[in-house]
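To start, the structure under review is shown below, and the notes come after it.
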2 protein chains.
Amino acid sequence: MPAVPTPTRRRRTEPLRCTGCERGVDCLGAALDEGSAAGRMSRTGLERGDHLYRMGEPSDSLYVVSGGAFKSYVVTPDGGEQVLGFVLPGDVLGIDSLTHPHFQSSAVAIAPARVCRMPAEAIRLRIGESPDFRERLTARMGREIQRLQRLLHLGRCTAEQRVAVFLLNQSAQTEGVGFAGRAQRLPMSRRDIGQFLGLATETVSRVFTRLQDSGALRCRRTSIEIRNVERLMEIARVGLPLRRGG
Amino acid sequence: MPAVPTPTRRRRTEPLRCTGCERGVDCLGAALDEGSAAGRMSRTGLERGDHLYRMGEPSDSLYVVSGGAFKSYVVTPDGGEQVLGFVLPGDVLGIDSLTHPHFQSSAVAIAPARVCRMPAEAIRLRIGESPDFRERLTARMGREIQRLQRLLHLGRCTAEQRVAVFLLNQSAQTEGVGFAGRAQRLPMSRRDIGQFLGLATETVSRVFTRLQDSGALRCRRTSIEIRNVERLMEIARVGLPLRRGG
DNA sequence: CGTGCGCTTGAGACGCGTCAACGTGCGTGG
DNA sequence: CCACGCACGTTGACGCGTCTCAAGCGCACG
């Protein structure tokens, strides 16, 4: 996923109705696809590496991820990437740009993905007529604020703590609350994880190795299995040695 | 401002109408104090060290700061404080808890302060009847998301960069865009600044000294004067040596 | 005029970033 | 089907920035 090479492109876009969708009525899209906003959504497929949108482009919609995985990031003044988060099915993309005419971040697929597009004008319509939709949208923004606040705290922890928290979150997000010793697939690279957690790629790799040596983890490239949840939670809680830098 | 000693208390609360308020019509309070929500606001004064609210308490309102300064923070699992930001007149307090039944962070006055309380039920009323108020509130949440995203990036910078950015922001916020070489007052302690920027108190102090020695700054305790804005901006942009840790 | 808290300054330790080299899986083309 | 290339991952050596610990300083308070 280099800086500019691949253009922002969206493939195989088609109209969409949410009735009968496997995501069910809890989906934000289902709440939108009613009233005067009904029938305005569309679904798009993306390949790994495709950008859904780029920072600076006109922002005219919100997206519900219905499959695959995305990386949300901003390019820092010095040319680096700051990963804001990984976005999985059920999550919403573009909510940080909802109040801006241009996207404030970029989103790129890190696995073959599908999204449901909710056009801005449909959102505006639905906001005006549905208190329920309003509340869901506001709740999403509130959750994003919470997430960023927690992320802020992560930035003050040791490498072990960051990775432990990341793995636990990832596990909880993909498998629900009960994360057993089942192997799962990490769609993002070590580099992505590092840019998310504020660590060098090498450090992420070293921590993975260390966790594996201690028996808390079993991982081979993108496949990963948590073997000792409690140990990870303990690390996440107190950190292994101390706070940071000394 | 220790962890628990002083209880959450609000002094001298009185009813309030926004007509004739010096903050003018751009204030979120003025937009609330209309329609069926009119006349429901109240104003409270706080002393330095008073808590406006604490994390975990039932959250039933939003506050517009009309004077003084606040520190917003959360207590981390290990007992430390993570400062989320300093809140100045015109800013809104409690927006991160708007979608929650309980406050998700604490707010304490770091200088004698005044706030205008906007009760949750009044907000709900006004949201239902005023698209303008809705948009303002959503815009506030969007700005908070943006702020936290930038803060996230700050966490990856050198100590010099963090302090430089902090000082420039602080200066811009208190004096508007044009920040000349006028001395201003920093209401927060070195410890607060450190907990905000993710630095040890001693490091903050050292950076201040270094910036002063280089002629970019003149500071004596809480009084501070930016003597070379461009130098600070240069530091903020590229960082002095390199990224971090090496 | 004491007393305490916040700020400053110094010395030492250490985690993590950088640089560099090697291993490994995967896709491509001969 | 194998050889090759390339991107990603791993491992090691080393240096630097910042944290910790500790002492001294100075302003503001009673």
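Atom set for the values below is all heavy atoms of this structure, side chains included, hydrogens, waters and symmetry mates excluded. Chain naming here is simple, since letters A, B, ... match the order of the sequence lines and numbering starts at 1 in each.
Taking atom CZ on A:R190 and atom P on C:dT24, their separation rounds to 15 Å, with Å as the unit. In this entry the distance linking CD of A:E202 with C1' of D:dG12 reads 11 Å, nearest Å. Here C:dT9 presents its P atom at 13 Å from CZ of B:F208, a figure rounded to the nearest Å. Atom pair B:L154:CG and D:dT18:P shows a separation of 13 Å (rounding to whole Å applied). The distance between atom CG of B:D192 and atom C1' of C:dG6, rounded to the nearest whole Å, is 11 Å. If you take CD1 of B:I110 and C1' of C:dG6, they are 15 Å apart, rounded to a whole angstrom. Rounded to whole angstrom, the span from the CZ atom of B:R48 across to the P atom of C:dG6 amounts to 8 Å. Put simply, CG on A:L211 is 15 Å from C1' on D:dT10, counting in whole angstrom units.
Using a 4.5 Å heavy-atom cutoff, the side chains of A:E81 and A:K71 are in contact. Counting only heavy atoms from C-beta outward, the side chains of A:Q212 and A:R218 approach each other to under 4.5 Å. Between B:T158 and B:Q161 the shortest side-chain heavy-atom distance falls below 4.5 Å.
With distances taken from any side-chain atom of B:S189 to the nucleotides C:dC7, D:dG9, D:dC19, the minimum falls on C:dC7. Closest to the B:A159 side chain, of the nucleotides D:dT18, C:dT9, D:dT11, is D:dT18.
Non-hydrogen atoms lying under 4.0 Å from DNA chain D are contributed by B:R220, B:R221, all within residues 213-221 of chain B.
Below the 3.5 angstrom threshold, one finds no donor paired with an acceptor across the side chain of A:R210 and the base of D:dT11. Between the side chain of A:E160 and the base of C:dC16 there is no donor-acceptor pair of N/O atoms closer than 3.5 Å.
B:S42 is linked by a side chain to side chain donor-acceptor pair (under 3.5 Å) to nothing, counting only residues two or more places apart in sequence or in another chain. Scored by the salt bridge (Lys or Arg N to Asp or Glu O under 4.0 Å) test, A:R185 finds no partners at all (sequence neighbours excluded).
Between the side chains of B:H51 and B:R54, at least one donor N or O lies within less than 3.5 Å of an accepting N or O. Side chain to side chain, A:D96 and B:Q149 meet the donor-acceptor criterion of an N or O pair below 3.5 Å.
Mapping B:T203 and A:V204 onto DNA chain D by nearest heavy atom places A:V204 closer to the 5' end of the strand.
Between B:T158 and D:dG17, a side-chain N or O to OP1/OP2 separation shorter than 4.0 Å is absent. Remark: B:T209 is not in phosphate contact with C:dT8, judged by side-chain N or O atoms under 4.0 Å from OP1 or OP2. For D:dT18, neither phosphate oxygen OP1 nor OP2 lies less than 4.0 angstrom from any side-chain nitrogen or oxygen of B:R206.
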